[in-house]
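Have a look at the structure below before the remarks.
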Amino acid sequence: MTTTVPPLAARAAAEGSTAVAEILALTARPEVVSFAGGLPAPELFDAEGIAEAFQHVLTHSPRRALQYSTPQGDPVLRACIADRLTARGLATAAGDLAVTTGAQQGLSLLVTALLEPGDSVVVEDPCYLAALQAFRLAGIRIVPVHCDEEGIDPDELARVVAAERPKLLYMVPTFQNPTGRILPSDRRAAVAGVAARYGLWIVEDDPYGELLYEGEPTPWLAGYRGAEDRTALLGSFSKIFAPGLRLGWLRAPAEVRSACVRVKQVSDVHSSTVDQAAAAHYMTTADLDARIALLRTAYRARRDALLEGLADALPDGSRWNRPRGGMFVWSTLPPGFDATEVLYRAMRHDVAFVPGAPFFVGSADPGALRLSFVTHAPEEILEGTRRLARAF
Ligand code: PMP
(Lines give C-alpha, C1' and ligand atoms only; values in the text may rest on other atoms or scores of the structure.)
Protein backbone atom coordinates (compact mmCIF):
# COMPACT_ATOMS: atom_id res chain seq x y z
CA MET A 1 0.00 0.00 0.00
CA THR A 2 1.39 3.45 -0.88
CA THR A 3 0.75 6.21 1.56
CA THR A 4 1.20 9.92 1.07
CA VAL A 5 1.53 12.75 3.51
CA PRO A 6 -0.11 16.19 3.30
CA PRO A 7 2.00 19.06 1.93
CA LEU A 8 3.97 21.45 4.10
CA ALA A 9 2.15 24.54 5.33
CA ALA A 10 2.39 27.21 2.63
CA ARG A 11 4.22 29.59 4.97
CA ALA A 12 6.99 27.04 5.60
CA ALA A 13 7.32 26.09 1.95
CA ALA A 14 7.64 29.73 0.90
CA GLU A 15 10.78 30.49 2.94
CA GLY A 16 12.92 27.96 1.09
CA SER A 17 16.62 27.93 0.45
CA THR A 18 18.03 30.06 -2.35
CA ALA A 19 20.93 29.64 -4.76
CA VAL A 20 22.80 32.35 -2.85
CA ALA A 21 22.25 30.55 0.46
CA GLU A 22 23.64 27.38 -1.08
CA ILE A 23 26.74 29.06 -2.40
CA LEU A 24 27.29 30.82 0.90
CA ALA A 25 27.16 27.46 2.67
CA LEU A 26 30.46 26.81 0.87
CA THR A 27 32.11 29.70 2.73
CA ALA A 28 32.65 27.30 5.65
CA ARG A 29 35.64 25.87 3.71
CA PRO A 30 38.73 26.94 5.70
CA GLU A 31 40.53 28.41 2.68
CA VAL A 32 37.70 30.91 2.01
CA VAL A 33 38.10 34.47 3.29
CA SER A 34 34.49 35.21 4.09
CA PHE A 35 33.04 38.70 4.22
CA ALA A 36 29.63 36.99 4.05
CA GLY A 37 28.12 35.88 7.38
CA GLY A 38 28.23 38.26 10.33
CA LEU A 39 30.25 35.78 12.39
CA PRO A 40 31.97 37.34 15.43
CA ALA A 41 35.71 36.61 15.63
CA PRO A 42 35.86 33.18 17.32
CA GLU A 43 39.37 33.70 18.74
CA LEU A 44 38.01 36.68 20.70
CA PHE A 45 35.37 34.67 22.55
CA ASP A 46 36.25 34.62 26.25
CA ALA A 47 36.14 30.81 26.36
CA GLU A 48 38.03 30.69 29.64
CA GLY A 49 35.78 33.19 31.40
CA ILE A 50 32.63 31.53 30.09
CA ALA A 51 33.90 28.07 31.12
CA GLU A 52 34.59 29.45 34.59
CA ALA A 53 31.05 30.88 34.78
CA PHE A 54 29.46 27.55 33.83
CA GLN A 55 31.75 25.72 36.25
CA HIS A 56 30.71 28.09 39.02
CA VAL A 57 26.95 27.75 38.58
CA LEU A 58 27.13 23.98 38.10
CA THR A 59 29.23 23.64 41.24
CA HIS A 60 27.45 26.11 43.51
CA SER A 61 23.82 26.05 42.39
CA PRO A 62 23.27 22.98 40.18
CA ARG A 63 19.76 22.35 41.46
CA ARG A 64 18.62 25.79 40.39
CA ALA A 65 20.76 26.00 37.24
CA LEU A 66 19.47 22.71 35.84
CA GLN A 67 15.81 23.07 36.84
CA TYR A 68 12.83 24.47 34.92
CA SER A 69 12.31 28.17 35.51
CA THR A 70 9.94 31.04 34.67
CA PRO A 71 9.57 32.50 31.15
CA GLN A 72 10.52 36.11 31.93
CA GLY A 73 14.08 35.00 32.68
CA ASP A 74 16.73 34.91 35.41
CA PRO A 75 16.15 37.90 37.75
CA VAL A 76 19.90 38.39 38.35
CA LEU A 77 20.60 38.44 34.63
CA ARG A 78 17.73 40.88 34.06
CA ALA A 79 19.09 43.12 36.83
CA CYS A 80 22.55 43.11 35.18
CA ILE A 81 21.06 44.03 31.79
CA ALA A 82 18.87 46.71 33.37
CA ASP A 83 21.93 48.25 35.06
CA ARG A 84 23.81 48.37 31.73
CA LEU A 85 20.88 50.00 29.93
CA THR A 86 20.43 52.50 32.75
CA ALA A 87 24.15 53.33 32.80
CA ARG A 88 23.95 53.98 29.06
CA GLY A 89 21.10 56.45 29.53
CA LEU A 90 17.90 54.43 29.30
CA ALA A 91 16.38 54.06 32.78
CA THR A 92 15.38 50.40 33.04
CA ALA A 93 14.34 48.09 35.88
CA ALA A 94 14.79 44.31 35.85
CA GLY A 95 11.00 44.02 35.69
CA ASP A 96 10.93 45.95 32.38
CA LEU A 97 12.87 43.14 30.69
CA ALA A 98 12.32 39.63 29.43
CA VAL A 99 15.23 37.35 28.53
CA THR A 100 14.94 35.83 25.05
CA THR A 101 16.68 33.07 23.14
CA GLY A 102 18.58 35.64 21.04
CA ALA A 103 17.19 38.88 19.65
CA GLN A 104 15.77 36.79 16.83
CA GLN A 105 13.33 35.15 19.23
CA GLY A 106 12.44 38.57 20.62
CA LEU A 107 11.36 39.57 17.15
CA SER A 108 9.29 36.40 16.67
CA LEU A 109 7.57 36.95 20.02
CA LEU A 110 6.70 40.53 19.05
CA VAL A 111 5.33 39.45 15.68
CA THR A 112 3.05 36.93 17.41
CA ALA A 113 2.06 39.32 20.20
CA LEU A 114 1.39 42.42 18.08
CA LEU A 115 0.42 41.43 14.54
CA GLU A 116 -2.35 39.54 12.79
CA PRO A 117 -1.85 37.90 9.38
CA GLY A 118 -2.52 40.57 6.76
CA ASP A 119 -1.35 43.46 8.97
CA SER A 120 1.30 45.79 7.58
CA VAL A 121 4.71 46.68 8.95
CA VAL A 122 6.96 49.42 7.67
CA VAL A 123 10.70 48.79 7.33
CA GLU A 124 13.91 50.45 6.17
CA ASP A 125 14.79 49.52 2.60
CA PRO A 126 17.14 47.60 2.57
CA CYS A 127 16.27 45.73 5.80
CA TYR A 128 17.70 42.90 7.94
CA LEU A 129 16.85 39.79 5.97
CA ALA A 130 15.79 37.52 8.85
CA ALA A 131 13.32 40.18 10.01
CA LEU A 132 11.76 40.18 6.54
CA GLN A 133 11.60 36.38 6.74
CA ALA A 134 9.95 36.50 10.18
CA PHE A 135 7.31 38.91 8.87
CA ARG A 136 6.70 36.82 5.74
CA LEU A 137 6.39 33.63 7.78
CA ALA A 138 3.58 35.27 9.76
CA GLY A 139 1.74 36.50 6.66
CA ILE A 140 2.56 40.15 7.33
CA ARG A 141 2.54 42.75 4.54
CA ILE A 142 5.88 44.58 4.35
CA VAL A 143 5.99 48.22 3.28
CA PRO A 144 9.46 49.63 2.49
CA VAL A 145 10.66 53.18 3.12
CA HIS A 146 13.48 54.50 0.99
CA CYS A 147 16.69 55.25 2.92
CA ASP A 148 19.66 57.49 2.17
CA GLU A 149 23.21 57.48 3.57
CA GLU A 150 21.90 58.38 7.03
CA GLY A 151 19.09 55.82 7.07
CA ILE A 152 15.36 56.32 7.03
CA ASP A 153 13.97 59.68 5.89
CA PRO A 154 11.31 60.74 8.45
CA ASP A 155 9.28 62.76 5.90
CA GLU A 156 9.15 59.79 3.56
CA LEU A 157 8.22 57.59 6.54
CA ALA A 158 5.33 59.93 7.42
CA ARG A 159 4.09 59.85 3.82
CA VAL A 160 4.22 56.04 3.62
CA VAL A 161 2.60 55.59 7.04
CA ALA A 162 -0.22 58.01 6.20
CA ALA A 163 -0.92 56.10 2.99
CA GLU A 164 -0.47 52.52 4.21
CA ARG A 165 -1.51 52.68 7.87
CA PRO A 166 0.91 49.98 9.14
CA LYS A 167 0.75 48.82 12.76
CA LEU A 168 4.46 48.62 13.39
CA LEU A 169 7.77 50.16 12.38
CA TYR A 170 10.75 47.77 12.48
CA MET A 171 14.19 49.40 12.48
CA VAL A 172 17.86 48.80 13.18
CA PRO A 173 18.80 52.44 13.82
CA THR A 174 22.37 51.75 15.01
CA PHE A 175 24.92 50.19 12.64
CA GLN A 176 22.20 48.60 10.60
CA ASN A 177 22.33 45.17 9.05
CA PRO A 178 23.01 45.28 6.09
CA THR A 179 24.23 48.87 5.59
CA GLY A 180 26.21 49.65 8.77
CA ARG A 181 24.44 53.04 8.85
CA ILE A 182 23.54 54.94 11.98
CA LEU A 183 20.44 57.09 12.17
CA PRO A 184 21.35 60.58 13.48
CA SER A 185 19.71 62.00 16.57
CA ASP A 186 17.51 64.56 14.77
CA ARG A 187 16.04 61.83 12.56
CA ARG A 188 15.42 59.62 15.61
CA ALA A 189 13.44 62.45 17.20
CA ALA A 190 11.45 62.90 13.99
CA VAL A 191 10.80 59.14 13.62
CA ALA A 192 9.54 59.00 17.22
CA GLY A 193 7.22 61.90 16.41
CA VAL A 194 5.82 60.15 13.33
CA ALA A 195 5.21 56.95 15.32
CA ALA A 196 3.36 58.86 18.05
CA ARG A 197 1.32 60.89 15.55
CA TYR A 198 0.12 57.85 13.63
CA GLY A 199 -0.14 55.42 16.57
CA LEU A 200 2.55 52.95 15.50
CA TRP A 201 4.41 50.35 17.53
CA ILE A 202 8.19 50.59 17.12
CA VAL A 203 10.59 47.64 17.24
CA GLU A 204 14.13 48.95 17.73
CA ASP A 205 16.47 46.05 17.04
CA ASP A 206 19.91 46.82 18.50
CA PRO A 207 22.43 43.98 18.47
CA TYR A 208 25.31 46.23 17.30
CA GLY A 209 25.13 49.40 19.43
CA GLU A 210 28.00 48.42 21.76
CA LEU A 211 30.35 47.90 18.81
CA LEU A 212 31.20 51.59 18.47
CA TYR A 213 34.59 52.43 16.92
CA GLU A 214 34.56 56.21 16.88
CA GLY A 215 32.50 59.18 18.00
CA GLU A 216 29.89 59.35 20.73
CA PRO A 217 27.05 56.85 21.11
CA THR A 218 23.64 58.00 19.85
CA PRO A 219 20.78 57.51 22.34
CA TRP A 220 18.30 54.71 21.70
CA LEU A 221 15.23 55.61 19.70
CA ALA A 222 13.27 54.07 22.61
CA GLY A 223 14.17 57.07 24.78
CA TYR A 224 12.95 59.84 22.45
CA ARG A 225 9.73 61.72 23.19
CA GLY A 226 6.83 59.94 21.52
CA ALA A 227 8.70 56.62 21.34
CA GLU A 228 8.90 55.86 25.09
CA ASP A 229 5.46 54.29 25.43
CA ARG A 230 5.46 52.34 22.16
CA THR A 231 8.96 50.93 21.61
CA ALA A 232 10.10 47.36 22.08
CA LEU A 233 13.91 47.41 22.25
CA LEU A 234 15.70 44.18 21.37
CA GLY A 235 19.21 43.49 22.64
CA SER A 236 21.59 40.59 22.28
CA PHE A 237 24.63 38.94 23.84
CA SER A 238 25.57 37.51 20.44
CA LYS A 239 27.96 40.23 19.33
CA ILE A 240 29.53 41.16 22.69
CA PHE A 241 29.66 37.74 24.33
CA ALA A 242 28.99 34.64 22.18
CA PRO A 243 26.21 33.99 19.64
CA GLY A 244 26.13 30.26 20.44
CA LEU A 245 24.69 31.04 23.87
CA ARG A 246 21.54 32.30 22.14
CA LEU A 247 20.77 34.93 24.75
CA GLY A 248 19.10 38.27 24.17
CA TRP A 249 16.55 40.51 25.83
CA LEU A 250 13.47 42.53 25.21
CA ARG A 251 12.59 45.82 26.89
CA ALA A 252 9.00 46.79 26.24
CA PRO A 253 5.98 48.56 27.77
CA ALA A 254 4.26 46.35 30.37
CA GLU A 255 1.36 45.21 28.18
CA VAL A 256 3.65 44.17 25.31
CA ARG A 257 6.22 42.55 27.58
CA SER A 258 3.56 40.46 29.35
CA ALA A 259 2.12 39.34 26.03
CA CYS A 260 5.60 38.35 24.81
CA VAL A 261 6.25 36.41 28.00
CA ARG A 262 2.99 34.50 27.53
CA VAL A 263 3.93 33.72 23.93
CA LYS A 264 7.41 32.67 25.02
CA GLN A 265 6.00 30.24 27.56
CA VAL A 266 4.13 28.50 24.77
CA SER A 267 7.09 28.73 22.41
CA ASP A 268 10.06 27.39 24.44
CA VAL A 269 8.94 27.61 28.13
CA HIS A 270 12.02 29.71 28.96
CA SER A 271 15.56 30.27 27.72
CA SER A 272 18.14 27.78 29.04
CA THR A 273 18.37 28.17 32.83
CA VAL A 274 22.01 27.17 33.03
CA ASP A 275 23.04 29.50 30.21
CA GLN A 276 21.22 32.40 31.87
CA ALA A 277 22.78 31.64 35.25
CA ALA A 278 26.26 31.44 33.69
CA ALA A 279 25.72 34.72 31.82
CA ALA A 280 24.52 36.36 35.05
CA HIS A 281 27.58 35.09 36.90
CA TYR A 282 29.84 36.33 34.11
CA MET A 283 28.21 39.76 34.12
CA THR A 284 28.53 40.14 37.89
CA THR A 285 32.14 38.93 38.11
CA ALA A 286 33.95 39.51 34.80
CA ASP A 287 34.75 42.89 33.29
CA LEU A 288 32.38 42.96 30.31
CA ASP A 289 33.36 46.55 29.50
CA ALA A 290 36.99 45.48 29.15
CA ARG A 291 35.89 42.67 26.78
CA ILE A 292 33.88 45.11 24.72
CA ALA A 293 36.84 47.52 24.61
CA LEU A 294 38.97 44.67 23.28
CA LEU A 295 36.38 43.85 20.60
CA ARG A 296 36.15 47.50 19.61
CA THR A 297 39.91 47.78 19.15
CA ALA A 298 40.13 44.56 17.14
CA TYR A 299 37.09 45.27 14.97
CA ARG A 300 38.12 48.87 14.30
CA ALA A 301 41.42 47.57 12.87
CA ARG A 302 39.50 45.03 10.77
CA ARG A 303 37.16 47.68 9.44
CA ASP A 304 40.15 49.83 8.49
CA ALA A 305 41.84 46.88 6.75
CA LEU A 306 38.71 46.21 4.70
CA LEU A 307 38.34 49.87 3.74
CA GLU A 308 42.00 50.01 2.73
CA GLY A 309 41.74 46.82 0.65
CA LEU A 310 38.47 47.76 -1.03
CA ALA A 311 40.00 50.89 -2.52
CA ASP A 312 42.15 48.67 -4.77
CA ALA A 313 39.72 45.76 -5.15
CA LEU A 314 36.47 47.25 -6.40
CA PRO A 315 36.04 48.56 -9.97
CA ASP A 316 36.18 52.30 -10.69
CA GLY A 317 32.89 53.98 -9.95
CA SER A 318 32.09 51.70 -6.97
CA ARG A 319 30.89 53.34 -3.77
CA TRP A 320 31.12 52.13 -0.19
CA ASN A 321 30.55 53.61 3.24
CA ARG A 322 32.73 53.93 6.32
CA PRO A 323 30.63 52.69 9.26
CA ARG A 324 31.40 54.10 12.71
CA GLY A 325 30.54 50.76 14.31
CA GLY A 326 28.91 47.36 13.89
CA MET A 327 30.02 44.68 11.47
CA PHE A 328 29.18 45.69 7.93
CA VAL A 329 30.35 47.81 5.03
CA TRP A 330 27.75 48.42 2.32
CA SER A 331 28.96 48.89 -1.21
CA THR A 332 27.42 49.59 -4.59
CA LEU A 333 29.13 48.53 -7.81
CA PRO A 334 28.88 50.72 -10.90
CA PRO A 335 25.97 50.25 -13.35
CA GLY A 336 26.25 47.02 -15.33
CA PHE A 337 27.64 44.94 -12.44
CA ASP A 338 25.51 42.26 -10.80
CA ALA A 339 26.79 41.36 -7.31
CA THR A 340 25.33 37.83 -7.46
CA GLU A 341 27.30 37.06 -10.64
CA VAL A 342 30.40 38.55 -9.04
CA LEU A 343 29.88 36.28 -6.01
CA TYR A 344 30.06 33.16 -8.20
CA ARG A 345 33.37 34.40 -9.63
CA ALA A 346 34.61 35.42 -6.19
CA MET A 347 33.96 31.95 -4.80
CA ARG A 348 36.30 30.50 -7.43
CA HIS A 349 38.97 32.75 -5.87
CA ASP A 350 38.04 31.65 -2.32
CA VAL A 351 36.51 34.90 -1.20
CA ALA A 352 32.84 35.58 -0.40
CA PHE A 353 30.40 38.38 0.45
CA VAL A 354 26.61 38.67 0.45
CA PRO A 355 24.81 40.22 -2.55
CA GLY A 356 22.60 43.08 -1.41
CA ALA A 357 19.50 42.31 -3.50
CA PRO A 358 17.70 39.98 -1.02
CA PHE A 359 17.74 42.72 1.65
CA PHE A 360 15.53 44.98 -0.48
CA VAL A 361 11.74 44.99 -0.34
CA GLY A 362 11.23 47.60 -3.07
CA SER A 363 13.30 47.65 -6.23
CA ALA A 364 16.61 45.96 -5.52
CA ASP A 365 19.94 47.41 -6.56
CA PRO A 366 21.69 44.47 -8.29
CA GLY A 367 25.08 46.12 -7.75
CA ALA A 368 24.73 46.29 -3.95
CA LEU A 369 26.74 44.03 -1.64
CA ARG A 370 27.32 43.61 2.10
CA LEU A 371 30.80 42.91 3.46
CA SER A 372 31.32 41.82 7.07
CA PHE A 373 34.74 42.73 8.45
CA VAL A 374 34.70 41.04 11.87
CA THR A 375 35.47 37.38 11.18
CA HIS A 376 39.07 37.52 9.95
CA ALA A 377 42.29 39.18 11.13
CA PRO A 378 43.45 42.29 9.20
CA GLU A 379 46.08 40.48 7.11
CA GLU A 380 43.49 37.87 6.02
CA ILE A 381 41.09 40.68 5.18
CA LEU A 382 43.72 42.30 2.96
CA GLU A 383 44.34 38.92 1.28
CA GLY A 384 40.55 38.62 0.79
CA THR A 385 40.41 41.98 -0.94
CA ARG A 386 43.32 40.98 -3.24
CA ARG A 387 41.31 37.89 -4.21
CA LEU A 388 38.27 40.07 -4.76
CA ALA A 389 40.36 42.26 -7.08
CA ARG A 390 41.30 39.14 -9.09
CA ALA A 391 37.62 38.11 -9.27
CA PHE A 392 36.83 41.46 -10.89
N1 PMP B 1 18.78 41.54 14.51
C2 PMP B 1 19.75 41.89 13.66
C3 PMP B 1 19.66 43.21 12.97
C4 PMP B 1 20.81 41.03 13.42
O5 PMP B 1 21.76 41.39 12.54
C6 PMP B 1 20.87 39.80 14.10
C7 PMP B 1 22.03 38.85 13.93
N8 PMP B 1 22.35 38.53 12.64
C9 PMP B 1 19.83 39.48 14.97
C10 PMP B 1 18.80 40.38 15.15
C11 PMP B 1 19.78 38.17 15.68
O12 PMP B 1 20.62 38.17 16.78
P13 PMP B 1 20.61 37.03 17.87
O14 PMP B 1 21.85 36.22 17.65
O15 PMP B 1 20.63 37.76 19.16
O16 PMP B 1 19.36 36.23 17.71
Side-chain angles (χ1 to χ4, degrees), residues 21 24 27 34-42 45 50 73 77 81 84-85 97-112 121 123-137 142 147 151-152 168-183 202-212 220-222 231-252 260 264 267-268 271-272 275-276 279 283 292 295 299 323 325-330 353-354 356 358-361 370-375:
L24 289 176
T27 61
S34 178
F35 302 125
L39 299 183
F45 294 148
I50 296 173
L77 181 59
I81 299 165
R84 277 192 85 75
L85 293 174
L97 299 169
V99 175
T100 59
T101 302
Q104 193 66 35
Q105 185 192 39
L107 183 58
S108 297
L109 300 179
L110 288 163
V111 168
T112 307
V121 302
V123 301
E124 299 154 299
D125 203 21
C127 174
Y128 170 48
L129 185 54
L132 297 178
Q133 289 168 324
F135 294 134
R136 289 181 187 132
L137 198 59
I142 303 171
C147 295
I152 208 160
L168 182 150
L169 164 63
Y170 169 81
M171 295 188 69
V172 185
T174 308
F175 312 135
Q176 196 223 15
N177 184 355
T179 62
R181 289 169 189 156
I182 180 160
L183 192 73
I202 301 173
V203 174
E204 178 177 19
D205 190 2
D206 181 39
Y208 301 108
E210 299 243 35
L211 300 180
L212 173 74
W220 279 289
L221 179 56
T231 303
L233 173 66
L234 297 175
S236 176
F237 283 113
S238 291
K239 320 299 176 183
I240 54 171
F241 202 42
L245 278 175
R246 309 304 307 125
L247 283 177
W249 62 89
L250 178 154
R251 176 192 184 275
C260 287
K264 181 167 169 70
S267 159
D268 69 349
S271 298
S272 156
D275 294 0
Q276 292 186 70
M283 282 186 87
I292 293 171
L295 291 174
Y299 288 170
M327 294 191 166
F328 306 111
V329 167
W330 182 247
F353 55 82
V354 181
F359 297 96
F360 286 93
V361 178
R370 189 195 75 177
L371 299 125
S372 157
F373 51 80
V374 293
T375 314

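One-based numbering, in listed order, for ligands and for the atoms of each.
Put simply, the side chain of Thr179 never gets that close to the backbone of Trp330: no donor and acceptor are under 3.5 Å apart.
Under the rule for a ring-ring contact (aromatic ring centres under 6.0 Å, His included), the partners of Tyr208 that lie at least two apart in sequence or sit in another chain are Phe328.
For the pair Arg84 and Glu210, the salt-bridge criterion is met [side-chain N within less than 4.0 Å of a carboxylate O].
Exactly one residue among Ile152, Val123, Asp206 makes a side-chain contact (heavy atoms from CB on, under 4.5 Å) with Met171. That residue is Ile152.
The shortest side-chain heavy-atom distance between Trp249 and Leu77 does not fall under the 4.5 Å cut-off. When side chains are defined from C-beta on, Phe360 does not count as touching Pro178, because their heavy atoms never get closer than 4.5 Å.
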Which N or O atoms of ligand 1 sit under 3.5 Å from a protein N or O, and how far apart is each pair?
from	atom 1	to	atom 2	distance (Å)
ligand 1	1 (N)	Asp205	OD1	3.3
ligand 1	1 (N)	Asp205	OD2	2.6
ligand 1	5 (O)	Asn177	ND2	2.9
ligand 1	5 (O)	Tyr208	OH	2.5
ligand 1	14 (O)	Ser238	OG	2.6
ligand 1	14 (O)	Arg246	NH1	2.8
ligand 1	15 (O)	Ala103	N	2.7
ligand 1	15 (O)	Ser236	OG	2.6
ligand 1	15 (O)	Ser238	OG	3.3
ligand 1	16 (O)	Ala103	N	3.1
ligand 1	16 (O)	Gln104	N	2.9
ligand 1	16 (O)	Arg246	NH2	2.7

